[in-house]
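We name chains A, B, ... by the order of the sequence lines, and we start the count at 1 in each one.
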Amino acid sequence: MITHELIERIEGEAVLDFRTDKSGTVQEADIRFVHFRGMEAILEGRNALDALVIAPRVCGICGHSHLIAAVRMIENVYIDAGFSLSISPKAHAIREITLECELIQNHIKWLYLVMLHESGKLLGEEANVSLKALYVTSQINQLSALFSGQWPHSSYAIPGGVTCDPTHIEVMQALKILSEVEQFVAKEVLGCPLEKFELHLKSDSHRALEGDFSKLLHQFEKLNLLNTGKSHGRFLVLADNGGSLDNGERSVADVALVSEDSSHTFAHGGKTHAKNALYRGAFYEGGPLARALISERQGISSLYQKYGDCAMTRLSARIDEMVTLIVHVRSLLTSLDLSQPSFTPPSSILSISGSGVGIVEAPRGSLIHRAKIEKGKIVEYSIITPTQWNLGNGTASNLGVAQKAMIGAESIAKASLIFRTFDVCSVCTTH
Amino acid sequence: MPSKPAKVIWLQGITCNGNTHSFLNDPSLGALLESIEFIHHPILPCKKTLKELVKKLPKSDILIFEGAYRADFERAGVKMETLLVTLASKTKHIIALGSCASFGGIFKEASPEHISGILFDKESESGPLQTLRKKVITLSGCPIHPKWLSFVLDMIVQGKKITLDEYRRPKELYGYLVHNGCLRNEYFEWKVDSDHFGTKEGCLYYAQGCQGPFTHGSCNKILWNEVSSKTRAGTPCVGCTEPSYPRTELFSTKTYMSIPAEMPLGIPKRSYLALAGAAKSFHIKRLEGKLIDDNA
C-alpha cells in the first residue's frame, strides 16, 4: 500500500511516500520537497557583500549559519585572489558565540516544539505551548543580539571581522543570560548539572534522570523506538578540522570529495526539488551525531559503541551538543579580549576576482557556500545545505540516510517520528 | 478584554520562516496567547493541522499571511489563488506579515513577474487582495519585530482603531525612521562619517550604505531582542521595511559629487547641502576621537 504523508511542523513542509506491507511495516520511504525559491539565482549578479544580507534569508531558524558561511566564502575569495586578510581572535570568537547560540536555540526548539510534541501526540497526550522553552530560546537569541544586533537575520559578520564593537557591559549581560540558560538546561532539560551529563551518558544512566530529555526517551521507549532508526554508520563533518567516519574507519574530510546529484529532481522528471548531497559518491550523515563521533566526545561515542546509530543515540547527541556548546560559549565570553580590533579593513571588494568556499557546522550538519566573484560581483553561487545530506532521496539499492532509518518501522506514524529525529528543515533543503 | 479568544490562522506563502521565528522571540508571548487562539500555526500547537485546514477552509477573526504570494504556489496541495483568497474572504482582519507578504520582498527577485505581496507588488497596489484592501494591515520588515505583530494583534482584539500610512502600515510603528533613536545620531548631525566598520564612532549613512535616515521602522525605539538593533551593532540599515527592499550594493553609499545620492526623508537637497557644509566646517574634537579611550 502506498501512503502520501504530509510532514508539517518543520520549517516548511515535506511529503513522505510510504510503501507498507499488510502489517503496516514500512518497506520503502521516498522523501519529497515540493517548494523551491531559487536563492542562488537571486544572489547571482549582485555585489558579493549583498550575500551577507540575502544569504541569511535561506532559512528562518539557521540564517546565522548562512551568514557565517557566506562571510567565510568571501574571505576565501580574497585569499584566492592573492589578498591577505586579517581577522582578530576577538572577531573570530564573537562569530563563534553568535553561531553557537543559534545552534543552542535550534536544539531546544527541536526538543520542545517538535520531538516532545510529536512523540506525545503518538501516545495520545495533549500538546501545550511550551512557554518555558520559548522564553529560554528568546533569551539565547538575546545573548546573540548583544553582538549581532538582532536574531533572526543579522548581517553583522563582514569580510575582515564583525561590525560590532562591544564593551564589557555587553559581555556581562551575555554572561548573565548564559547563567539563566545553564540553569534551565540543568533543571528542566537534563535533570542534572551540565558537567555531570556526559558521565551519565557514559554509564548509560541518562534514561534514569528526571528532565524533559529523559521524558522524551521514555516516550520513545513506550513507542518501542529507542533502538530503531539505524542508518549507514557513515558520518561527515566538513568544517572546523572535521573528518569522515565510515563504519569506524576515520579519514580527514575533504570538501573536494563532495558532489551533488540532481538526477531525480523535477528538472529531470522527478518529484522533488531537493538535490542529494554526496561524499565520495555516497550518502553520509551530518549533524550533531556526526560531530560528536568525529570529535570523539566520550558520552556519545560510548552510546554509539553500545547501541549504534539508533534513535536513542541520535537524540542524545543533539542534547549533548547543546550542553557542550553552552560550556564553550561561556569559555569564549570569559576569554574575550575587547582591546583587539573588531574589524580590519580589507581591500575594496570591487578589486576582487576569484573563487571561494565557506563551510560552517550548522544545527543540522555541514553547510557549504561556494561562489565565483568577478570584480566584486557574484557570477556563480552554489549552496549545499545540511539537510541535503541527511534527507537525500536515493534508490532501493542506495538509500538516503533518513530513508534507510525509516525502513522497517512498524507504522508510518513511527517512521515519520524517526524522520523528525534528523531535525527536518524544508526551506534549507531546496533553498 | 473580550471573553472569547480571537481565532487566528497563520498561513505561509513563499517564505524562509523568519517571521515565525522572530515572533517566537516575544518574551510576553504567554500573555498574548491568552487573548488569541491559533486555528492553524506552522510551528505552535494549534487546533488544525495544515492538512485539516485545507479540507474545509474555516472562518477566522484574523488571518496572518507570512511570505510572498504566487498564484500557483501550493500548501498541502492547494494553490494560493484558492487558499489565500478564500481564507481572506472569510476573515475580519488580514495581516501581511513581513516584507515578502507586504511587497514581494527578497523572494520576488526570483520571478518578478509572478511573485508579489498580497496587497502590494512593490509600490503598486496590484496584489490578489485588492478588493479586500480595507481588511489588510501591512507589517513590513525582514523579518518583522515580534512586538510589531503583538501590538497589532492586541489592538485588533481590543477593537481599537489603528492609524495607517499609505502602505497600510500602522503609523505608531512606521511613523518613525530607523534613524530615530540611533546611538550615532550626533555623528549624523555634525556630518562625521565612520572610518570603517567595527567601531562605535561615526555615522554609517555617508559611506557604509546605511538607509536609516529614509527607512520607516521603530528598530531603534523598540529594540531588537530587547537589547539592540542593526545600527547599534554597527551594521548599516538595509531598508528592509520599504517596498524597494532589497536594493543592491547594501554596504556602500551611492554618492553624487561625494554627497549621498538619497537624502534623509523629506529633506531638500539644497537645504541639506547648506547645513552639511556648515556642520562639517566645525571640526568638533570630541566627535573625531574615540568614544571610550583607555589612555584618556
B:P42 versus chain A, the contacting section by heavy-atom distance below 4.5 Å: backbone

How far apart are the closest heavy atoms of B:T15 and A:V427, and which atoms are they? O-CG1, 3.5 Å

Scored by heavy-atom pairs under 4.5 Å with chain B, the best of A:V15, A:I10, A:L49 is A:L49

If you count heavy-atom pairs within less than 4.5 Å of chain B, which of A:I42, A:T167, A:T137 leads? A:I42

Part of A:Y135 lying under 4.5 Å from any heavy atom of chain B: side chain

Tell me, for B:I115 versus chain A, whether the close heavy atoms (under 4.5 Å) come from the side chain, the backbone, both or neither. neither

Portion of A:L143 that has a non-hydrogen atom of chain B nearer than 4.5 angstrom: neither

Crowded around A:K377 NZ? As in, over 12 foreign heavy atoms under 6.0 Å? no

Selection from B:L29, B:T49, B:L33 maximising heavy-atom pairs under 4.5 Å formed with chain A: B:T49

Looking at B:G198, B:P246, B:C46, which has the largest count of heavy-atom pairs under 4.5 Å with chain A? B:G198

For residues B:F197 and A:F343, report the shortest heavy-atom separation together with the two atoms involved. O-CD2, 3.1 Å

Which one of B:C142, B:C240, B:G209 has the most heavy-atom pairs closer than 4.5 Å to chain A? B:C142

For B:R75, is it the side chain, the backbone, both, or neither that has a heavy atom closer than 4.5 Å to a heavy atom of chain A? both

Short side-chain donor-acceptor distance under 3.5 Å, B:H21 and A:E11: yes

Measure A:L134 against the heavy atoms of chain B and call it side chain, backbone, both or neither at under 4.5 Å. both

Judged by atom type as modelled, is there a donor-acceptor pair below 3.5 Å linking the side chain of A:T163 to the main-chain atoms of B:A233? yes

Over all atoms of both residues, closest heavy-atom pair of B:K230 and A:H153: CE-O, 4.2 Å

Whatever's closer than 4.5 Å to a heavy atom in chain B on A:S155 counts as both

At their closest point, which heavy atom of A:S138 faces which heavy atom of B:L24, and how far apart are they? CB-O, 4.4 Å

Heavy-atom closest pair (B:P45 atom, A:R9 atom, distance to 0.1 Å) is N-NH2, 3.8 Å

Atom CG in B:L53, atom CD in A:E8: separation rounded to 0.5 Å? 9.0 Å

When only heavy atoms count and the cut-off is under 4.5 Å, which of residues 101-111 of chain B reach chain A? B:I106, B:F107, B:E109, B:A110

Looking at A:V58, A:L113, A:V53, A:I54, which has the largest count of heavy-atom pairs under 4.5 Å with chain B? A:V53

Pick from A:Q105, A:H117, A:Q139, A:K109 with the largest number of heavy-atom pairs that fall under 4.5 Å of chain B: A:K109

Looking only at heavy atoms and a cut-off of under 4.5 Å, which of B:L204, B:I14, B:T199, B:T20 has the most pairs with chain A? B:T199

Is A:Q173 in contact with chain B via its backbone, its side chain, both, or neither, using a 4.5 Å heavy-atom distance? side chain

Engaged part of A:A41 at the chain B interface, taking heavy atoms whose separation is under 4.5 Å: neither

Taking side chain as everything from C-beta outward and backbone as N, CA, C, O, which of these in A:R37 sits under 4.5 Å from a heavy atom of chain B? Side chain, backbone, both or neither. both

Separation between CD of A:E13 and CD of B:E74, rounded to the nearest 0.5 Å: 9.0 Å

Pairs where residues 122-131 of chain A contributes a residue and the test side-chain hydrogen bond (donor to acceptor under 3.5 Å, both in side chains) is met, not counting sequence neighbours: A:E125-A:Q219

Among the options B:S28, B:P146, B:P143, B:G30, pick out the one with the most heavy-atom pairs lying under 4.5 Å from chain A. B:P143

Are the side chain of B:N225 and the backbone N or O of A:W151 linked by a donor-acceptor pair below 3.5 Å? yes

Can you tell me which portion of A:E5 sits under 4.5 Å from chain B's heavy atoms? Options are side chain, backbone, both or neither. side chain

Between the main-chain N or O of B:L250 and the side-chain N or O of A:D50, is there a donor-acceptor pair closer than 3.5 Å? yes

Please look at A:P345 and chain B and tell me whether the side chain, the backbone, both or neither of the residue comes under 4.5 angstrom of a heavy atom of that chain. side chain

Distance-minimising heavy-atom pair for B:F251 and A:I158: CE2-CG2, 4.0 Å

Measure A:F147 against the heavy atoms of chain B and call it side chain, backbone, both or neither at under 4.5 Å. backbone

Contacting moiety of B:S252, where chain A heavy atoms sit under 4.5 Å: neither

Calculate, to the nearest 0.5 Å, the distance between atoms CD and CG belonging to B:E226 and A:N141 respectively. 11.5 Å

Got a second to check how far A:I140's CD1 is from B:N25's CG, nearest 0.5 Å? 10.5 Å

Interchain contact, B:Y245 with chain A, by part (heavy-atom threshold 4.5 Å): side chain

